[in-house]
Amino acid sequence: MMDRHRLSNVVITVFSLSLVACLSPDLVSAQLKRNYYANTCPNVESIVRNAVTQKFQQTFITVPGTLRLFFHDCFVNGCDASVIIASTPNNQAEKDHPDNLSLAGDGFDTVIKAKAAVDAVASCRNKVSCADILAMAARDVIALAGGPSYAVELGRLDGLSSTASSVNGRLPKPSFNLNQLNAIFAANGLSQTDMIALSGAHTLGFSHCNRFANRIYNFSPRNPIDPTLNRAYASQLQSMCPRVVNPTIAINMDPTTPRTFDNVYFQNLVTGKGLFTSDQVLFTDSRSKPTVNAWASNSQAFQNAFVAAMTKLGRVGVKTGRNGNIRRDCGAFN
């Protein structure tokens with residue numbers, strides 16, 4: 001029979017474990033800190049930045065590709081680089097889910113090249129996680145496109161699981177209304193303000209025609225064209241995306257300044273030039289419209305909100321202890 005002293009220790013241990021479970025999101029974000037690698041790989045930020053800059057000089061797709069990769073990674077089981085894992089005969093990984101097939105190869109390549117640059121420094125080899133490299137690279141591409149630079153919190157471990165099935169229902173769709181957007185962001189601890197700010201990343205990048213074709217051809221029996229869409233812009237989209245269109249054709253998300261990280265995305269929404277339903281609804285819904293108006297006229301306010309939202313996004317589902325490790329190859333488990 002267990003003595004009273006041992007029993008009390010068991011009770012305390014169980015209580016402590018349950019307390020840790022309750023506090024885990026806070027404990028996880030507390031693990032993240034700036035200069036996390038100060039002792040193990042002090043130059044990691046400049047190493048990653050140089051690799052990202054080199055990739056950026058080869059192709060601008062590096063910018064939206066890397067930024068979108070970070071978002072898709074964090075929204076599925078947290079920021080743990082699980083989206084980079086390649087499928088094997090025994091496992092279909094996240095990257096091969098239909099919602100991830102449009103992720104640009106240049107985003108993956110950016111992280112892989114930055115990882116190689118970090119590991120080329122003997123003292124840094126296998127000391128920096130792919131998840132942290134992706135978080136730094138996302139910050140760096142924003143700055144390269146003219147957006148704000150900011151201090152990235154580091155200390156994430158790489159995830160130990162990546163399955164296509166885990167992606168189901170975790171990513172926002174172009175057809176989402178405000179309630180659906182708010183719900184999927186709230187599931188990741190992000191507010192409506194964070195959601196609108198992160199949507200501002202659509203100031204960069206492109207989309208394939210099939211993602212918005214319903215808005216310009218068969219929106220409803222009464223209105224073939226979505227009435228919230230600017231008519232001149234709708235005609236422009238129809239000319240670029242005919243009914244029978246080459247599926248490889250891509251359209252800039254921001255028709256005005258597609259290669260600059262700025263607040264023009266919000267100015268476009270005010271004039272009915274949001275490409276997706278999920279973009280334009282931010283202006284047509286009275287609950288989000290005041291934020292769109294504010295950021296359309298105040299670039300600094302948007303940038304501040306974007307940095308705050310990216311920092312919160314980077315804390316989602318961070319892996320610690322036995323729940324993760326540092327991958328030797330970002331595309332494969334150790």
Side-chain angles (χ1 to χ4, degrees), residues 59-72 75 95-109 141 145-146 167 169 171-178 180-181 184 195-196 198-285 288-289 292 296:
T59 173
F60 183 81
I61 297 171
T62 301
V63 177
T66 305
L67 192 51
R68 193 158 171 253
L69 190 67
F70 181 63
F71 181 86
H72 279 232
F75 259 49
K95 69 184 293 186
D96 288 319
H97 185 279
D99 289 352
N100 282 333
L101 292 178
S102 61
L103 290 172
D106 288 296
F108 295 91
D109 193 47
V141 295
V167 181
L171 296 168
K173 296 189 181 298
S175 58
F176 271 12
N177 60 32
L178 193 70
Q180 291 169 311
L181 288 168
I184 206 164
M195 179 272 292
I196 300 169
L198 291 170
S199 296
H202 284 175
T203 188
L204 302 165
F206 51 85
S207 171
H208 295 287
C209 297
N210 65 344
R211 305 287 280 174
F212 57 86
N214 67 305
R215 297 188 71 206
I216 57 175
Y217 289 118
N218 55 351
F219 183 73
S220 71
R222 183 174 293 181
N223 293 300
I225 297 173
D226 184 342
T228 66
L229 200 54
N230 177 295
R231 281 307 169 109
Y233 183 48
S235 297
Q236 185 184 343
L237 291 175
Q238 286 177 332
S239 67
M240 292 187 288
C241 292
R243 283 182 185 273
V244 181
V245 66
N246 183 330
T248 62
I249 289 179
I251 305 300
N252 288 324
M253 295 290 295
D254 175 354
T256 313
T257 55
R259 287 178 170 237
T260 307
F261 186 94
D262 53 25
N263 67 328
V264 172
Y265 167 81
F266 298 102
Q267 296 171 10
N268 289 337
L269 299 186
V270 172
T271 56
K273 295 179 183 175
L275 189 61
F276 294 160
T277 298
S278 58
D279 293 314
Q280 196 57 48
V281 75
L282 302 181
F283 184 73
T284 57
D285 194 302
S288 47
K289 184 175 183 176
V292 171

Can you list the steps and then say if Leu229 with Gln280 is a side chain to side chain contact (heavy atoms under 4.5 Å, CB included)?
CA-CA 8 Å; Leu229 200 54; Gln280 196 57 48; 5.6 Å; no
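- The minimum heavy-atom distance between Pro258 and Phe60, with the atom names listed, is O-CE2, 4.0 Å.
- With sequence neighbours left out, Lys289 forms a salt bridge (charged side-chain N to carboxylate O under 4.0 Å, His left out) with no residue at all.
- Judged as a side-chain hydrogen bond (donor to acceptor under 3.5 Å, both in side chains), and not counting sequence neighbours, Ser288 has no contacts.
- Side-chain N/O atoms of Asn177 and Asp285 include no donor and acceptor closer than 3.5 Å.
- Heavy atoms only, all atoms of each residue included: Gly65 and Ala104 are closest at CA-CB, 4.1 Å.
- Using modelled atom types, one finds a donor on one side chain and an acceptor on the other under 3.5 Å when comparing Thr203 with Asp262.
- Of the inter-residue distances, the one linking Phe108 atom CZ with Asp106 atom CG reads 11.0 Å to the nearest 0.5 angstrom.
- Taking OG1 from Thr277 and CG from Leu178, the interatomic distance works out to 13.0 Å, rounded to the nearest 0.5 Å.
- Scanning all heavy atoms of the two residues, the minimum distance from Leu181 to Ser278 falls at CD1-O, 3.6 Å.
- Here the closest heavy-atom approach between residue His208 and residue Ile249 is recorded as ND1-O, 3.2 Å.
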Identify each donor-acceptor pair in which a side-chain atom of residues 232-244 lies under 3.5 Å from a protein atom, sequence neighbours left out, and give them as a table.
residue	atom	partner	partner atom	Å
Ser235	OG	Arg231	O	3.2
Gln238	NE2	Ile216	O	2.7
Ser239	OG	Gln236	O	2.6

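- To the nearest 0.5 Å, atoms CG (Asn100) and NZ (Lys95) are separated by 10.0 Å.
- A distance-only check finds a donor-acceptor pair linking the side chain of Asn263 to the backbone of Ala296 [under 3.5 Å].
- With rounding to the nearest 0.5 angstrom, the CD1 atom of Ile225 is 10.5 Å from the OG atom of Ser220.
- Atom CE of Met253 is separated from atom OG of Ser199 by 9.0 Å, given to the nearest 0.5 angstrom.
- Proximity of a side-chain donor or acceptor of Thr271 to a complementary backbone N or O of Asn268 within less than 3.5 Å is detected.
- Proximity of Ile196 to Phe266: side-chain heavy atoms (C-beta onward) are separated by under 4.5 Å at one or more points.
- The neighbour count for Arg68 CZ, taken as heavy atoms of other residues, nucleotides or ligands under 6.0 Å away, is above 12.
- Ring geometry, His202 versus Phe276: the interplanar angle exceeds 60°, so the pair is classed perpendicular (tilted spans 30 to 60°).
- For the pair Ile184 and Phe176, the tightest heavy-atom approach, listed with the atom from each and the gap, is CD1-CE2, 4.0 Å.
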Could you walk me through whether Asp99 and Lys173 satisfy the side chain to side chain contact (heavy atoms under 4.5 Å, CB included) test, starting with their C-alpha distance in whole Å, then the side-chain angles of each, then the deciding distance to 0.1 Å, before giving a yes or no?
CA-CA 9 Å; Asp99 289 352; Lys173 296 189 181 298; 3.6 Å; yes
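- Looking at heavy atoms from C-beta onward, Asn252 lies out of side-chain contact with Arg259 at the 4.5 angstrom threshold.
- Across all non-hydrogen atoms, the minimal contact from Ala201 to Phe261 is CA-CE1, 4.5 Å.
- Looking only at side-chain heavy atoms (C-beta outward), Thr228 and Phe283 stay at 4.5 Å or farther from each other.
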Dump the intermediate steps for side chain to side chain contact (heavy atoms under 4.5 Å, CB included) on Thr62 and Thr59, then the final yes or no.
CA-CA 6 Å; Thr62 301; Thr59 173; 3.5 Å; yes
For Leu282 and Tyr265, what are the C-alpha separation, side-chain angles and deciding distance, and is it a side chain to side chain contact (heavy atoms under 4.5 Å, CB included)?
CA-CA 11 Å; Leu282 302 181; Tyr265 167 81; 3.6 Å; yes
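- Here Phe212 contributes atom CZ and Leu275 contributes atom CG; the two are 4.5 Å apart, rounded to the nearest 0.5 Å.
- Salt bridge Asp279/Lys273: absent, no basic N to carboxylate O contact under 4.0 Å.
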